[in-house]
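For reference, the structure discussed in these notes is given below.
Within every chain, numbering begins at 1; the chains are lettered A, B, ... in the order of the sequence lines, protein sequences first and strands thereafter. In this text the structure is predicted, and so the values were computed from the model without any measurement.
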There are 2 protein chains.
Amino acid sequence: MRQLVLEKPSLDEAYEAVRNGIAQRRMLLIVGNCTVDYVGRASSKLSPGERVLIIKPDGSTLIHRPRDYAPVNWQPPGSIFKTRLVDGCLHIRAYRRKGGEVLDIAFDRVALVAIFHLIDDGEFYLYASEEDMKQAILHDPSLLEEGFKPIETEKPVEPGFIDILGVDKEGVLTVVEIKRRAADRAAVLQLKSYVDALRAETRRRIRGILAAPSLAKGAQSLMAALDLEFKPLSPRRCADILRARRGRRLTEYLNVKGEKRREESGSQP
Amino acid sequence: MRQLVLEKPSLDEAYEAVRNGIAQRRMLLIVGNCTVDYVGRASSKLSPGERVLIIKPDGSTLIHRPRDYAPVNWQPPGSIFKTRLVDGCLHIRAYRRKGGEVLDIAFDRVALVAIFHLIDDGEFYLYASEEDMKQAILHDPSLLEEGFKPIETEKPVEPGFIDILGVDKEGVLTVVEIKRRAADRAAVLQLKSYVDALRAETRRRIRGILAAPSLAKGAQSLMAALDLEFKPLSPRRCADILRARRGRRLTEYLNVKGEKRREESGSQP
DNA sequence: TAATAAATGTCGTTT
DNA sequence: AAACGACGTTTATTA
């Protein structure tokens, strides 16, 4: 059985199919009228309506209403299931050991049960992450400031980790905090705490630079008050620069180096 | 047409069904082998594999692999769609005005197209939120501390909003920051910035209290260093207390007051 | 296991 | 539209 699709099944039919599908660790899509109850870190109740329930082979469970990006209720991977027919309803209970969280979905009508054995070994690549921004600055420190020299990345302090620690062209110790989106007050406070932590370690003068595409309004006054600096830097531009750099390096390998080195270069994330 | 289900349709059949389903603002479930490309705030590429695509009436778009809670790619509500048959593939493009984000899904094989007109007017209630914790403290200030008296909630400062501002039994101004889960360094810094902002407004002595179920280790040293205080408080307990309080009040209404007041009480979230 | 910070975070609320 | 903070945030990484 690669796929099983039941249109408007009876609750008995649905029950059997769902039970088997979960036992065989398939991907289940169930559409129907249901209520949802959750008890765990919080509690929630959802009165009747038509929704889509997804149960994945890894135990992830999602209930999607016909609107919104986010599921209205869910259970993360690793859930344990119990399926029952009670009082003319198909109950699916997803239990999570951690936190003793329980999600109970009760269908009184099922429009579809579809069960699939999906094979997905595709590779996923994401560009223009904060990590890409950091790499771009390390490859080309002038992106941050002319004369900037990185010393260390992810330096632990206090605790917490400084994205990039370096010195400016005057030799002044400089803490760099990177954000891939508009920096808000929280980001400023984060940078401030790193600078303060470092001040406790040394008497050298220390600059704090926040590198991000933009700075929220309320964050601007904070920056000034805390004597920190802002450097506009977009994740897209960083990703482009990285790609160009790596492209160049790849070309160098192709022209000069042997097979093994080319593979190494090609396997970079 | 309330529902249309196509098992293993040809790409032509799938194309027609998807086109119509999107035009009629239905809920679409499409299962098949696909690649996914995203360009927007970041960029991503996903090589071929079998996945579930959900398109909602509001334009929300989700691509789910057979694992993980989160979709591998998505588009938030409001997307605009373009469906095409190109080079033997069914392309579905979800375009988002904001940020010019583009999500392109290309199926070379479709296992299922299921289209539904879902009606969901159910109401969703969540208990034990941070808001519930705040209400519980306002109803019973001794939850925070014996003799505590709330003065104001969501007081704006600097900017930012103080969850609860009050005075302790000695009359000392007290800033309360509430977290529904273990308070981390960011929460401590948030409280600190509120206390500092308030200090700029008055010369009175000010206490800062962080009310949360627990305090992360790294946050403890920060609390001490910044002269702030921690009060253990669980969202569950607050929700229980709130429920009891409201239950009691409801009972009072039922026993004493007329129809109109009962309705008001009953309509509380 | 706990803690720390990123995320294409999303979502509601308010200015 | 921008900003601010909550979220049952989840997820990855690291001590």
Side-chain angles (χ1 to χ4, degrees), chain A residues 38-44 60 62 67-77 96 98-103 126-134 154 156-163 177-187 190 193-194 214-220 222 235-236 239, chain B residues 38-44 60-62 68-77 96 98-103 124 126-134 154 156-163 177-187 190 193-194 214-220 235-236 239:
Chain A
Y38 158 76
V39 178
R41 285 164 291 178
S43 303
S44 73
S60 308
L62 309 163
R67 55 178 171 276
D68 304 330
Y69 156 85
V72 61
N73 281 108
W74 70 92
Q75 204 67 288
R96 194 188 179 201
K98 164 137 180 166
E101 294 187 292
V102 178
L103 180 64
L126 180 71
Y127 312 92
S129 60
E130 183 182 300
E131 177 62 25
D132 282 352
M133 294 177 71
K134 192 173 77 178
E154 299 303 322
V157 285
E158 208 273 308
F161 297 87
I162 295 173
D163 284 339
E177 175 64 29
I178 303 166
K179 292 293 165 197
R180 73 171 311 286
R181 58 168 181 171
D184 56 11
R185 294 162 41 75
Q190 192 183 341
S193 75
Y194 293 158
S214 64
L215 192 57
K217 195 177 53 159
Q220 291 172 14
L222 250 188
R236 279 296 278 282
Chain B
Y38 158 74
V39 178
R41 286 164 291 177
S43 305
S44 73
S60 307
T61 305
L62 309 162
D68 304 332
Y69 157 84
V72 60
N73 283 108
W74 71 92
Q75 204 67 288
R96 196 186 177 204
K98 164 137 179 164
E101 295 187 292
V102 179
L103 180 64
F124 181 70
L126 181 70
Y127 311 93
S129 61
E130 184 181 299
E131 178 62 24
D132 282 352
M133 294 177 72
K134 193 174 77 179
E154 300 303 325
V157 286
E158 206 276 308
F161 297 87
I162 295 173
D163 284 339
E177 175 65 30
I178 304 166
K179 292 293 167 197
R180 73 170 311 288
R181 57 166 184 169
D184 56 11
R185 293 164 39 78
Q190 193 183 340
S193 74
Y194 293 159
S214 64
L215 193 56
K217 197 177 51 160
Q220 292 173 12
R236 280 297 278 281

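- For the OP1/OP2 pair of D:dA12 and a distance below 4.0 Å, the side-chain nitrogens and oxygens of B:Y69 include no atom meeting the criterion.
- C:dT8 has B:Y38 stacked on its base ring, the centres lying under 5.5 angstrom apart and the planes within 30 degrees of parallel.
- If you check every strand for non-hydrogen atoms under 4.0 Å, A:E154 touches nothing.
- Nucleic acid contact class of B:V72 (heavy atoms, under 4.0 Å, all strands): base.
- Across all strands shown, A:R181 has heavy atoms under 4.0 Å from base atoms, whether or not it also approaches the sugar-phosphate.
- One finds a side-chain N or O of A:R41 lying less than 4.0 angstrom from the OP1 or OP2 phosphate oxygen of D:dT10.
- B:Q190 comes within 4.0 angstrom of the backbone, heavy atoms only, and of no base.
- The partner of D:dT13, taking Watson-Crick or G-U wobble pairs whose two distances both stay under 3.5 Å, is C:dA3.
- The separation between B:E131 atom CD and C:dG12 atom C1' is 12 Å, rounded to whole Å.
- B:D68 contributes no side-chain N or O that forms a donor-acceptor pair with the base of D:dT11 under 3.5 Å.
- Nucleic acid contact class of A:P76 (heavy atoms, under 4.0 Å, all strands): base.
- With centres under 5.5 Å and a plane angle under 30°, the ring of A:W74 is stacked against the base of D:dG8.
- Residue-level contact check: B:S129 touches the backbone only, with heavy atoms under 4.0 Å from sugar-phosphate atoms and none from bases.
- Between B:R185 and C:dA5, a side-chain N or O to OP1/OP2 separation shorter than 4.0 Å is present.
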